[in-house]
There are 2 protein chains.
Amino acid sequence: MATHAQPSSRQDWRTLLRAKGYRLTPQRELVLRAVDRLGHATPDEVLAAVHQESEAVNISTVYRTLELLEELGLVRHAHLHDRAPTYHTTATPAHVHLVCRGCGSVVEADPKVVEEFTDRLRDTHGFGTDVGHLTVFGTCASCGA
Amino acid sequence: MATHAQPSSRQDWRTLLRAKGYRLTPQRELVLRAVDRLGHATPDEVLAAVHQESEAVNISTVYRTLELLEELGLVRHAHLHDRAPTYHTTATPAHVHLVCRGCGSVVEADPKVVEEFTDRLRDTHGFGTDVGHLTVFGTCASCGA
DNA sequence: GTTAATGCAAAAACTTTGCAAACCT
DNA sequence: AGGTTTGCAAAGTTTTTGCATTAAC
């Protein structure tokens, strides 16, 4: 339930969009592919990435598209740093973000690492953790704990 | 080291500020007290709270003061929702934030709940978790997991 | 041909900055 | 008195919105 079956082909996307009355446009494809490719990207970075691919998309379209894709469950966002939210695809399995305060690096950890933890939260607080949104701030190995 | 000894009186604050060449002003007191009182508040909410207390403080002063207080370790901020960062006092012991997607409620959990988890992150990734900044998104008991 | 989506430009929301006046010590 | 802090206003960022035009279906 936390993980979605992911459409991987253009046709799948179209079906998913049309089911809600939306249309498949080149801009939407470009944005989705950019998010896929970038890993974690701010709207701004998505725009830049799309531009590199030699097609122009307006920044407002990027915002609107990211919102749409999130509604469809194709992307998610997290707050990895203080500035803007970063978007990532849901095609790859959910993961935990470890963000280093020292160097700003972002490591993705296997959700298994947090299993006991989430179990415990459920037991003690009745709280169902959304592992895909879990961001842990701290200090990475090389920045010395 | 993660928890700070907290000054609780006006005099303590003054000492802390003066040690770095800063001054104790009514605005700074008002902001700090507002953060204390509010629990988790955006800069905007801090401004509103201060205004209610019948003293006017400029919004830019709120921003500057929150930054200063954070530098001094008296407050910290977290990203509890998508909009603005929320500030909270460090006078209360570090805690984990459980944010419900359904109703938006924020519950504070005891850091003990995450001890095994942080130990494990240290073991497997050499990652030192900043527990005070840990925010967990998910679904609370009443919103049904 | 319809209806949804885009681009553009303007507005809104949020945060930062420069500087003279006011205030803390 | 002297240097820090404030308020104000202006500028910087980031995100949203309205509307005519374009494009998907």
Side-chain angles (χ1 to χ4, degrees), chain A residues 10-35 40-51 53-72 74-75 77-87, chain B residues 10-32 34-35 40-48 50-51 53-72 74-75 77-87:
Chain A
R10 185 199 168 76
Q11 258 325 305
D12 291 333
W13 294 343
R14 160 134 51 200
T15 305
L16 219 146
L17 286 163
R18 300 229 45 203
K20 295 204 173 183
Y22 300 130
R23 295 171 181 178
L24 180 59
T25 67
Q27 288 91 336
R28 286 174 177 171
E29 276 193 78
L30 285 164
V31 168
L32 181 48
R33 288 224 313 282
V35 172
H40 304 95
T42 61
D44 212 52
E45 291 165 343
V46 170
L47 178 68
V50 168
H51 275 168
E53 215 174 299
S54 83
E55 284 240 31
V57 173
N58 193 276
I59 182 67
S60 60
T61 298
V62 171
Y63 277 105
R64 288 189 277 227
T65 302
L66 288 173
E67 188 183 353
L68 178 74
L69 294 178
E70 190 153 35
E71 179 198 330
L72 295 175
L74 294 175
V75 306
H77 77 270
H79 296 273
L80 266 35
H81 45 73
D82 284 345
R83 279 293 178 191
T86 59
Y87 288 79
Chain B
R10 187 198 167 77
Q11 260 323 308
D12 289 334
W13 293 344
R14 161 134 50 201
T15 306
L16 219 146
L17 286 163
R18 301 229 43 207
K20 294 204 176 184
Y22 300 130
R23 293 171 181 180
L24 181 59
T25 67
Q27 288 91 337
R28 284 174 180 171
E29 275 193 77
L30 285 164
V31 169
L32 181 48
V35 172
H40 303 96
T42 62
D44 214 52
E45 292 165 341
V46 170
L47 179 68
V50 168
H51 275 168
E53 216 174 301
S54 82
E55 284 240 33
V57 173
N58 193 275
I59 182 67
S60 60
T61 298
V62 171
Y63 278 105
R64 287 189 278 227
T65 301
L66 287 174
E67 188 184 352
L68 177 73
L69 294 178
E70 190 153 36
E71 178 198 330
L72 296 175
L74 294 175
V75 307
H77 77 271
H79 296 274
L80 266 35
H81 49 256
D82 284 346
R83 278 293 178 189
T86 60
Y87 289 78

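Just the heavy atoms: all of them, side chains too, but no hydrogens, waters or symmetry mates, feed the values below. Letters A, B, ... mirror the listed sequences (proteins, then strands); counts begin at 1.
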Is there a side-chain contact between [X] and [Y] (heavy atoms, below 4.5 Å)?
X: B:R28; Y: B:Y22; result: yes
X: A:T42; Y: A:P85; result: no
X: A:V35; Y: A:L66; result: yes
X: B:H40; Y: B:E45; result: no

Next item on the list: Tell me what B:R18 touches on the nucleic acid: a base, only sugar-phosphate, or nothing, going by heavy atoms under 4.0 Å.
Entry: sugar-phosphate
Next item on the list: Measure the CG-CZ distance between A:L69 and A:R64 for me, rounded to the nearest 0.5 Å.
Entry: 13.5 Å
Notebook entry, point to check: How long is the gap from CD1 on B:I59 to CG on B:L47, to the nearest 0.5 Å?
Noted result: 4.5 Å
Next item on the list: Look at the side-chain N and O atoms of B:R28 and state whether any lies under 4.0 Å from the OP1 or OP2 oxygen of D:dT5.
Entry: yes
Margin query: On the nucleotide D:dC25, are OP1 or OP2 found under 4.0 Å from the side-chain N or O atoms that A:R14 carries?
Written below: yes
Could you give the [atom1]-to-[atom2] distance, from [X] to [N], as a whole number of Å?
X: A:N58; N: D:dA20; atom1: CG; atom2: C1'; answer: 14 Å
X: B:Y22; N: D:dT6; atom1: OH; atom2: P; answer: 12 Å
X: B:R23; N: D:dG2; atom1: CZ; atom2: P; answer: 13 Å
X: A:E29; N: D:dA23; atom1: CD; atom2: C1'; answer: 14 Å
X: B:L17; N: D:dT6; atom1: CG; atom2: C1'; answer: 15 Å
X: B:E67; N: D:dT6; atom1: CD; atom2: P; answer: 12 Å
X: A:L68; N: D:dA24; atom1: CG; atom2: P; answer: 16 Å

Notebook entry, point to check: For DNA chain C, which nucleotides open and close the run of contacts to chain B, 5' to 3', at under 4.0 angstrom from a non-hydrogen atom?
Noted result: C:dC14 to C:dT25
Collect all protein-nucleotide pairs involving nucleotides 13-15 of chain D in which both atoms are nitrogen or oxygen and the distance is under 3.5 Å.
from: D:dT15; atom 1: OP2; to: A:Y63; atom 2: OH; distance (Å): 2.1
from: D:dT15; atom 1: O5'; to: A:Y63; atom 2: OH; distance (Å): 2.9

Next item on the list: Could you tell me, to 10°, how much the axis swings from one end of the helix from C:dG1-D:dC25 to C:dT25-D:dA1 to the other, five pairs per end?
Entry: 40°
Notebook entry, point to check: With under 30° as parallel and over 60° as perpendicular, where do the rings of A:H79 and B:H79 fit, or are they tilted in between?
Noted result: parallel
Notebook entry, point to check: Counting heavy atoms not belonging to B:E67, are there more than 12 under 6.0 Å from its CD?
Noted result: no
